[in-house]
4 protein chains.
Amino acid sequence: MFSKFLNLDQEKQDRIINAAIKEFALKGYDNASTNEIVKEAGISKGLLFHYFGNKKQMFLFLFDHCCKIIADEFYIKINLQEKDLFNRIRGAILIKTELLNQYPNLFKFIEEAYLDESSEIKIEIEKKVKELNDINFGKIYDGIDFSKFRSDMDIKKVLKIITSTFEKLGEEEMNKVKLSPSHQIDYERIQVEIEEYFEILMKAFYK
Amino acid sequence: MFSKFLNLDQEKQDRIINAAIKEFALKGYDNASTNEIVKEAGISKGLLFHYFGNKKQMFLFLFDHCCKIIADEFYIKINLQEKDLFNRIRGAILIKTELLNQYPNLFKFIEEAYLDESSEIKIEIEKKVKELNDINFGKIYDGIDFSKFRSDMDIKKVLKIITSTFEKLGEEEMNKVKLSPSHQIDYERIQVEIEEYFEILMKAFYK
Amino acid sequence: MFSKFLNLDQEKQDRIINAAIKEFALKGYDNASTNEIVKEAGISKGLLFHYFGNKKQMFLFLFDHCCKIIADEFYIKINLQEKDLFNRIRGAILIKTELLNQYPNLFKFIEEAYLDESSEIKIEIEKKVKELNDINFGKIYDGIDFSKFRSDMDIKKVLKIITSTFEKLGEEEMNKVKLSPSHQIDYERIQVEIEEYFEILMKAFYK
Amino acid sequence: MFSKFLNLDQEKQDRIINAAIKEFALKGYDNASTNEIVKEAGISKGLLFHYFGNKKQMFLFLFDHCCKIIADEFYIKINLQEKDLFNRIRGAILIKTELLNQYPNLFKFIEEAYLDESSEIKIEIEKKVKELNDINFGKIYDGIDFSKFRSDMDIKKVLKIITSTFEKLGEEEMNKVKLSPSHQIDYERIQVEIEEYFEILMKAFYK
DNA sequence: TATGAATGAGTATTCATTCAT
DNA sequence: GATGAATGAATACTCATTCAT
């Protein structure tokens, strides 16, 4: 499928991938210009289409590529020895924060891709995201000691409440960053806040 | 700002607003065509720009307009006599569901606007949404009897957990609808599920 | 349909029509460049599409336009008082030769259009040509005195032989012109040759 | 000129020729893609240009090649013992019909080539066609007994009338086939019609 | 001889915006 | 106020041809 592209030397591949991710992350699918991508990557018009066929295929390739990098980096670092859910989440948040600093464009690209309204790619991306979630959902709860939880509540719904809380917090922090003039993240405040939520949730849901 | 437009007779205003909302809701900001809007509204090309200056200003005007309609309709219907938070939320969900059926285009437009990646409008819309949420947040908790809650937890964080849960549930249901072939909403199942979450959250956070 | 275009002042219409006919006649449908047409006509890119919608519609408009001109000019000049078939054909050939000199591009355009292999327009053009022929076939034989012909032959087939002969002669002369370096037509030689064919055909098919 | 190509083993030559003829016959000169040809032929892009220099030269080579095949097959089968013109034509029509079934792509290619409007090849193809006709014209009338014809008419012009008739009939049948939904040829009806024309032409031009 | 990556000018069409009327 | 003709840069994508390997 993309063997032509994957046979390129790493430096050129990276140049093209980074140029494309940047453009898509900044402008969304429809507004991203293949012209800008080739200009940024320093390759000719035709070459891009020689590698990827068309814009859509290029986009979907990039999406898969980014998912793979993040998934690999993320799930490899999760400590499966940790049996306590909140410790596990504490660790996951730490890892995610590190990755977010390491690959800011990559995360932005995936986030934008997920929200992109362009009908051309919407359905495919949603399918991919669903598959991804199904796979990953399992991993993060793998080996957790659920006996610590109150037995008078549906454990699945309790987990949903906990993850909803941290996902919403994450989204809010992302928005704060975008809207703040310095685009700086106040890690210390966030850390403290998270611990406060941990405390409440443990009081609420642990035996 | 838009005084020229607002001085038009109501019928013409409505024709233009409805045409524009429909186009933006269907195609998103970038793909929406001013051509289609004027055709649908039965006015001339030049007139649209005479009223709104440009596409971006027209879009932002529409966004404000829709927010106002929905906010008005939403908050007017909330029963402020209801002091119990979960009953209040139960009522709010009901009202929102009704409005969603009543103004599908309006909601769709706002949703699309919120997700729209077009760099031209993104920042402005996000700012407006934040302001809107800040205003509304207060109203929904107005007059609630917080004495029912456990006193060993920060009440603000508990509220955040509760709202996060229902917002995430709402988002998931919206996605389910989009991905389902019939685009039908299973209100009964949702109702039951919400009640189950109410039960858990009351056990967890009420005295 | 093309009312926008037809409301233009005649001079501009002509400039655009002539530029387009020239380009299509020279290069065929597929190879004709809308870029070249607007450059030659001295109008902007968008305007062409404002008038005609797309390349195909422009082409079909031009085809109809050319057919109309030729048909009008051709059939209006035929002398319907002339009852003798060969005299009638003699007259028609004269008229056609004059028109060919008057509108060389027009004729070339129609001829090319008829032969154009481009799948986009082939079917439509063929349909139009068929309709045209059906209408015109009648006119040229209108009021002819067929009692002069031998009665032991199917008159329709005899007419087919006669028209085939002159059509083929016409095609051959067209080719000769194209291939000759001077692109000059030797009218006198052709005149003489035609008369010789008349003589033979009259001997063969008249009583 | 094409010695590099002609030194290839027959199998590879055929693979390339067939791929190219198919592509040109299907899409015409301009729309034919060298990419498709090399893909179908299973050779590399560069090799095609190594053999033929460029698209135009390849096309002209193919045209010559096809003409040669058809001419060889056609003229070898003509019964030169048959001295009667109409019997000879009868035979020729039969042979041509057979060849048309045997080599549909080849014929289609030549036909398309002849009609192709692409200015790049038009002039060259027309010259070749003229040469071809001059050569063949002689052969088909070789050894015919012209004493059967009326002596009060120029025999060359009579022959022109006869051939024009059948050529036009052939063109019309080709068009009918193209426009008919089934693309089926009604051989029986054609046979009958041809015989009726034979009868008329014999009455008209035989002593 | 054989490969296929690389080029870049070319294509039709769209679209927000302007401006003379 | 109201019109809609006019603009031209922008879009994704194609394709014959070249050339380093």
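These values consider heavy atoms only, across backbone and side chains, with no hydrogens, waters or symmetry-generated copies. Quick caveat: nothing in here was measured; it's all calculated off a predicted structure.
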Quiz prompt | Worked check of side chain to side chain contact (heavy atoms under 4.5 Å, CB included) between C:Phe109 and C:Tyr103 | solution = CA-CA 10 Å; C:Phe109 169 79; C:Tyr103 304 109; over 6 Å; no
Practice problem: Describe the nucleic acid contact of C:Lys12 in one word from base, sugar-phosphate, nothing, applying a heavy-atom distance below 4.0 Å. | Solution: sugar-phosphate
Self-check item: Rounded distance in Å - CG (B:Asn7) to P (F:dG1)
Solution: 9 Å
Exercise. Describe the nucleic acid contact of B:Tyr51 in one word from base, sugar-phosphate, nothing, applying a heavy-atom distance below 4.0 Å.
Key: sugar-phosphate
Quiz item: In whole Å, what is the span from the CD1 atom of A:Ile37 to the P atom of F:dA10?
Solution: 16 Å
Self-check item: Strand partner of E:dT21, provided both Watson-Crick or wobble distances fall under 3.5 Å
Solution: F:dA2
Quiz item: Rounded to the Å, how far apart are A:Ile43 CD1 and F:dA12 P?
Solution: 14 Å
Practice problem: May I have the distance from A:Asn31 (atom CG) to F:dT11 (atom P), rounded to whole angstrom? | Solution: 9 Å
Quiz item: Aromatic ring centroids of C:Phe24 and C:Phe63 under 6.0 Å?
Solution: no
Quiz prompt | Chi angles and distances behind the side-chain hydrogen bond (donor to acceptor under 3.5 Å, both in side chains) call for C:Asn18, C:Asn105 | solution = CA-CA 8 Å; C:Asn18 290 334; C:Asn105 267 337; over 6 Å; no
Exercise. Using the closest heavy atom to pick a nucleotide of DNA chain F for each, name whichever of B:Leu8 or C:Leu48 lands nearer the 5' end.
Key: B:Leu8
Quiz item: Between D:Lys39 (NZ) and E:dT3 (P), how many Å, whole number?
Solution: 16 Å
Quiz item: Would you say the side chain of D:Cys66 lies within less than 4.5 Å of the side chain of D:Ile21, judging by non-hydrogen atoms?
Solution: yes
Quiz prompt | Distance, rounded to the nearest Å, where C:Phe2 contributes CZ and F:dA5 contributes P | solution = 15 Å
Exercise. May I have the distance from C:Leu47 (atom CG) to F:dG8 (atom C1'), rounded to whole angstrom?
Key: 12 Å
Quiz prompt | Ring centre gap for B:Phe2 and B:Tyr51 strictly below 6.0 Å | solution = no
Quiz item: Are D:Phe59 and D:Phe52 close enough that their ring centres sit under 6.0 Å apart?
Solution: no
Self-check item: Base of F:dT17 paired with side chain of D:Lys45 (donor-acceptor, under 3.5 Å)
Solution: yes
Quiz prompt | Nearest-nucleotide comparison on DNA chain F, the residue closer to the 5′ end among A:Gly46 and B:Lys4 | solution = B:Lys4
Self-check item: Which residue lies more 5' along DNA chain E, comparing D:Gly42 with C:Asn54 via nearest heavy atoms
Solution: D:Gly42
Exercise. Measure from the side-chain heavy atoms of A:Ser33 and tell me the nearest of F:dA12, F:dA2, E:dA12.
Key: F:dA12
Quiz item: Any idea which of E:dT3, F:dA16, E:dT7 is nearest the D:Thr34 side chain?
Solution: F:dA16
Self-check item: Closest to the D:Phe49 side chain, choosing from F:dT18, E:dT17, F:dA2
Solution: F:dT18
Self-check item: Residue matched to F:dT14 through Watson-Crick or wobble contacts both under 3.5 angstrom
Solution: E:dA9
Practice problem: With heavy atoms under 4.0 Å as the rule, sort C:Lys55 into base, sugar-phosphate or nothing. | Solution: sugar-phosphate
Practice problem: Could you state the atom-to-atom distance from CG of A:Asp30 to C1' of E:dC15 in whole Å? | Solution: 14 Å
Exercise. Could you work out which one of F:dG1, E:dG4, E:dA5 sits closest to the side chain of B:His50?
Key: F:dG1
Quiz item: Looking only at side-chain N and O atoms, does D:Asn35 come under 4.0 Å of OP1 or OP2 in F:dT14?
Solution: no
